[in-house]
**Q** 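Input: one structure, supplied below.
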Amino acid sequence: MKRKKIAVLSGAGVSAESGISTFRDSNGLWENHKPEEIATLQAWKNNMDGVLDFYNKRRKELQNVRPNEAHLAIAGLEKDYDVCVITQNIDNLHERAGSSKIIHLHGELTKVRPEQGVYEKDFGLMEVFDIGYAPIVRGDLAPNGKQLRPHVVWFGEAVPNIEKAIETVSATDIFLIVGTSLAVYPAAGLYRYARFDTPIYLIDPKDTVLKDKRMIHIREKAVTGMQTFMKMINESE
Ligand code: NAD
């Protein structure tokens, strides 16, 4: 029998129990950093050292955290389902938990690319380098002679992987959303592409802006929420 498909859309909340701050909760990263000061092309032009420093710190922090039970449970779904993880996160905790199909909508913290190049329009063709957890500084150049920048999508920049994500959500049998405020587009609009009969599960301890009659809101943190979700889908099979 063909295995059912599960598309998972994750946000900063799935990594919160690993110790990585979310953006918009109290104590979130943005409490100390305004998005327009850090995650925009304008910020890169005006304050390259500050932007590099911010991402260098995030990369270092990532080295010292581990995937939590929610990442592991999402990876474990692959035993019974055809799973694709669409993540807004730039961390690598889904990879480290063992998920095998991952679409990074907003880039990856452990990767860098030249700030200019022929590749800018299509991430797939871009000259992207894996640097692990090492810092980059002003003057670190790519082979094309251009300054290296974090391989992340800043506010106002295109989201090249959105087409792949839309295709995945359109074809899924179950849509699971974990730990996102659904405040950042186009990721926040992805649920609209789910088929009319596709159940949408949302795991998030807070109220949500998502209003859809297909939605089942599991109002819990990611780790316990994943256990509840597993029970629910096992009972409905
Ligand atoms: P967000 O900060 O806007 O929202 C976080 C959501 O997670 C909130 O709805 C909150 O209620 C929920 N949450 C908090 N703790 C939780 C927990 N333990 N379990 C489950 N849910 C929990 O983040 P977002 O929606 O992902 O969007 C903002 C942007 O933040 C994204 O573009 C993403 O790239 C970026 N971001 C990424 C990381 C990371 O890579 N780990 C960290 C911070 C921000």
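All heavy atoms count here, side chains included; hydrogens, waters and symmetry mates do not. Note that this is a predicted model, so its numbers are computed, not measured. Both ligands and their constituent atoms are indexed starting at 1 by order of listing. Numbers here simply count residues along the sequence, with the first being 1.
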**Q** Output the list of atoms in ligand 1 that are nearer than 4.0 Å to some heavy atom of D91, sorted by atom number.
**A**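 Per the distance check, 39 (C), 40 (O), 41 (N).
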**Q** Below 4.0 Å, non-hydrogen atoms only: which portion of V184 touches ligand 1? Side chain, backbone, both or neither.
**A**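 The answer is the side chain of V184.
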**Q** In this structure, does ligand 1 have an atom that sits under 4.0 Å from one of the heavy atoms of P205?
**A**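 Yes, P205 has heavy atoms under 4.0 Å from ligand 1.
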**Q** Looking only at N/O atoms, are I90 and ligand 1 under 3.5 Å apart anywhere?
**A**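 Checking ligand 1 against I90, an N or O pair does fall under 3.5 Å apart.
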**Q** Any N/O of G13 closer than 3.5 Å to an N/O of ligand 1?
**A**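 Such a contact does occur with ligand 1.
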**Q** Have a look at ligand 1 and work out which part of I20, if any, has a heavy atom under 4.0 Å from it: side chain, backbone, both or neither.
**A** side chain
**Q** Which of the atoms in ligand 1, numbered in the order shown and given with their element, are less than 4.0 Å from a heavy-atom of A16?
**A**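 Reading through ligand 1 atom by atom, the close ones are 15 (N), 18 (N).
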**Q** Taking the minimum heavy-atom distance to atom 32 (O) of ligand 1, which of H106, H104, M226 ranks first?
**A**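 Among H106, H104, M226, the closest heavy atom to atom 32 (O) of ligand 1 belongs to H106.
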**Q** At a 4.0 Å threshold, what atoms of ligand 1 neighbour a non-hydrogen atom of G179?
**A** 5 (C), 6 (C), 7 (O), 20 (C), 21 (N)
**Q** Under 30°, 30 to 60°, or over 60°: which ring-plane class applies to W154 and W44, parallel, tilted or perpendicular?
**A**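 Because their plane-to-plane angle lies in the 30° to 60° range, the rings of W154 and W44 count as tilted.
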**Q** For G11, counting its heavy atoms only, list the atoms of ligand 1 lying under 4.0 Å from any of them.
**A**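 The atoms of ligand 1 under 4.0 Å from a heavy atom of G11 are 26 (O).
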**Q** Please work out whether any backbone atom (N, CA, C, O) or any side-chain heavy atom from C-beta onward of S181 is under 4.0 Å from ligand 1, and answer side chain, backbone, both or neither.
**A**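 For S181, backbone and side-chain atoms both sit under 4.0 Å from ligand 1.
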**Q** Under 6.0 Å from the OH atom of Y193, do we count more than 12 heavy atoms belonging to anything else shown?
**A**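 Atom OH in Y193 is not packed in, count stays at 12 or less.
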**Q** So is S21 in contact with ligand 1, going by heavy-atom distances below 4.0 Å?
**A** yes
**Q** Would a hydrophobic clustering, with Ile, Leu, Val, Met, Phe, Trp and Tyr connected at side-chain separations under 4.5 Å, put V65 with V85?
**A**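 Hydrophobic grouping puts V65 apart from V85.
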**Q** Given S10, which of H71, Q88, H94 fulfils the side chain to side chain contact (heavy atoms under 4.5 Å, CB included) condition?
**A** H94
**Q** Any idea which atoms of ligand 1 are less than 4.0 Å away from a heavy-atom of E17?
**A**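 Those qualifying, in numeric order: 17 (C), 18 (N), 19 (N).
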**Q** Should you measure from each heavy atom of K206, which atoms of ligand 1 turn up under 4.0 Å away?
**A** 11 (O)
**Q** Polar contacts were defined as any N/O atom of the residue lying under 3.5 Å from an N/O atom of the ligand; does this apply to A12 and ligand 1?
**A**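 Yes; at least one N/O pair falls below 3.5 Å.
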**Q** Is I203 reachable from V223 through a run of hydrophobic residues whose side-chain heavy atoms are each under 4.5 Å from the next?
**A**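 In one cluster with V223: I203, no.
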**Q** Can you tell me if CD on E69 sees more than 12 non-hydrogen neighbours from other groups inside 6.0 Å?
**A** no
**Q** Who passes salt bridge (Lys or Arg N to Asp or Glu O under 4.0 Å) against D82, sequence neighbours left out?
**A** K101
**Q** Between R59 (side chain only) and A134 (backbone N and O only), is there a donor and an acceptor less than 3.5 Å apart?
**A** yes
**Q** Run the side-chain hydrogen bond (donor to acceptor under 3.5 Å, both in side chains) test against R219 and tell me which residues pass, sequence neighbours left out.
**A**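 R219 satisfies side-chain hydrogen bond (donor to acceptor under 3.5 Å, both in side chains) with D207 once adjacent residues are dropped.
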**Q** Where the side chain of N234 meets the backbone of K231, is there a donor-acceptor pair that is under 3.5 Å apart?
**A**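 Flag not set: sc N234 to bb K231 has no pair under 3.5 Å.
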**Q** Which ligand 1 atoms are under 4.0 Å away from a heavy-atom of T180?
**A**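 So the atoms of ligand 1 that pass are 6 (C), 7 (O), 9 (O), 24 (P), 25 (O).
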